[in-house]
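See structure below.
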Amino acid sequence: MQEGSAEKKISIESFGVRVTISAHSEEDFPRIKEVLAMGLGNCFSLIEKEERTDLYFRLEGSGKKALFLNGEKLYEGPSDAVMEVLDSKLRLEIAVKTDKIFLHSGVVGWKGKAIVFPGFSYKGKTTLTAEFVKLGAEYYSDEYAVLDENGLVHPFPKFLSMRGITDNLRQFNVSVEVIGGKIGKNPIPIGLVLITEYEPGVRWNPEFLSKAEGILNLISHAVPFSDKPAKTLGILEKALRDSKIVKQKRGEATEFARKVLELL
Amino acid sequence: MENLKPIAYKDNIIIQEADSELLVYDLRSGKAHCLTESAAFIWNCCDGRTSVEQIRRKVEEKFKTEVSEDFVLLALEELGREGLLESPVETRFGKISRREALRKLGVGTMIALPLVASLAVPNTALAALTCESFVCHRPRDCAPPCNRCVGAICKVV
């Protein structure tokens, strides 16, 4: 189908947020479906009848494409780059719009409890997630810990964003099954919050923090904290009710992950 | 200091208890504060009618241990520094470093010191969270720390 033909739409709901993506070009739809499956980890359902939309993404053009969100142009460029923007914006905007609390964090499940390790981009969340998974932990997410009103963590098993395959900047999406992992299915309570950053050769000497200190460490990772501070603080207090909070720099990831699992 | 009757600043503040400690988010400054149990107790005593000496006695009663006036003054200085009092409190600790004051008070005190740990929560929370919210066409569209345009997204070098 070429430019000028009828617009097609796909509508989904993810964490209570309704999203519509439209395009004129038929060839865009397999890519859009791939973005949804990889980027949202199948945490969405298709909506047959579009009643309202919180986020309306529109793709225009063939060859060079333009991406709009709620009428505002986000990006114009080659198709691959447009899909990359759609992928990252989709997750971020859902995180902002949902009534759940999204913490920028890696999450795995171990013995029925979640291990949550917050971190900004490029701080090794995916590397550590992959190490936990290889040691038998269930995969929940390498990007967001999704907390409900009771403080339970829900799976958000997007494909792992691995770097270092071609270079250290470009990301590739890899299914957790590829590294022998399995996906956690159920909401679980947090058992351990791990405040960590990479420092080569560091000695294992974990510092246990109080719950309030733990919350203080988490709030700047909430998306976005300043929009709903009271709700976020209340949910974090519930989420950390029976959790250990540990601060420890990490050296080599495999050995570190093994020691962390022993804490639960 | 005997005439000092501090007043806690509690407008535009969100308070969350966490066990015996307190999380306080100041909507004016966008800063979050973690108050230890004793700091939280002293903050709640700051009603403009209670003197430093009266606060000291209340602390002793609550924690069943002796504390000095300096203990209360340290709390007031911490709270004042972070804008959690109506007016900052000038104490004798102003002349010495915080570390020295803590060392001095820490010896012989049976309860955890009244401290306030603070963190500025960025207004542009999304920017702090992830570079991937920044779309770019060329390198100059990106700014530190996400200062390299890779594909269509600004990334950290």
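So you know, we letter chains A, B, ... as the sequences are listed, proteins then strands, and number each from 1. These figures come from a predicted structure and were not determined experimentally. Hydrogens, waters and symmetry mates are skipped; everything else that's a heavy atom, side chains included, is used.
The ring of F15(A) has its center no closer than 6.0 angstrom to the ring center of F44(A).
Ring geometry for F63(B) against F41(B) counts as perpendicular: the plane angle is over 60°, on a 0 to 90° scale with 30° as the lower cut.
For L27(B), the part sitting under 4.5 Å from any heavy atom of chain A is the side chain, from C-beta outward, and nothing else. Only the side chain of E237(A) has a heavy atom closer than 4.5 Å to any heavy atom of chain B.
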When you look at K31(B) and E82(B), which way does the salt bridge (Lys or Arg N to Asp or Glu O under 4.0 Å) test go after all the steps? CA-CA 9 Å; K31(B) 281 176 97 173; E82(B) 298 301 344; 2.9 Å; yes
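The stretch residues 11-19 of chain B places I14(B), Q16(B), E17(B), A18(B), D19(B) near chain A, each with some heavy atom under 4.5 Å from a heavy atom of that chain.
At distances below 3.5 Å, not a single donor-acceptor pair connects side-chain atoms of N150(A) with backbone N or O atoms of L152(A). One N or O on the side chain of R28(B) and one on the backbone of G83(B) form a donor-acceptor pair closer than 3.5 Å. In terms of modelled atom types and a separation under 3.5 Å, the side chain of R91(A) and the main chain of G39(A) share a donor-acceptor contact. Although no hydrogens or angles enter the test, the distance criterion places a donor-acceptor pair under 3.5 Å between the side chain of Q54(B) and the main chain of S51(B).
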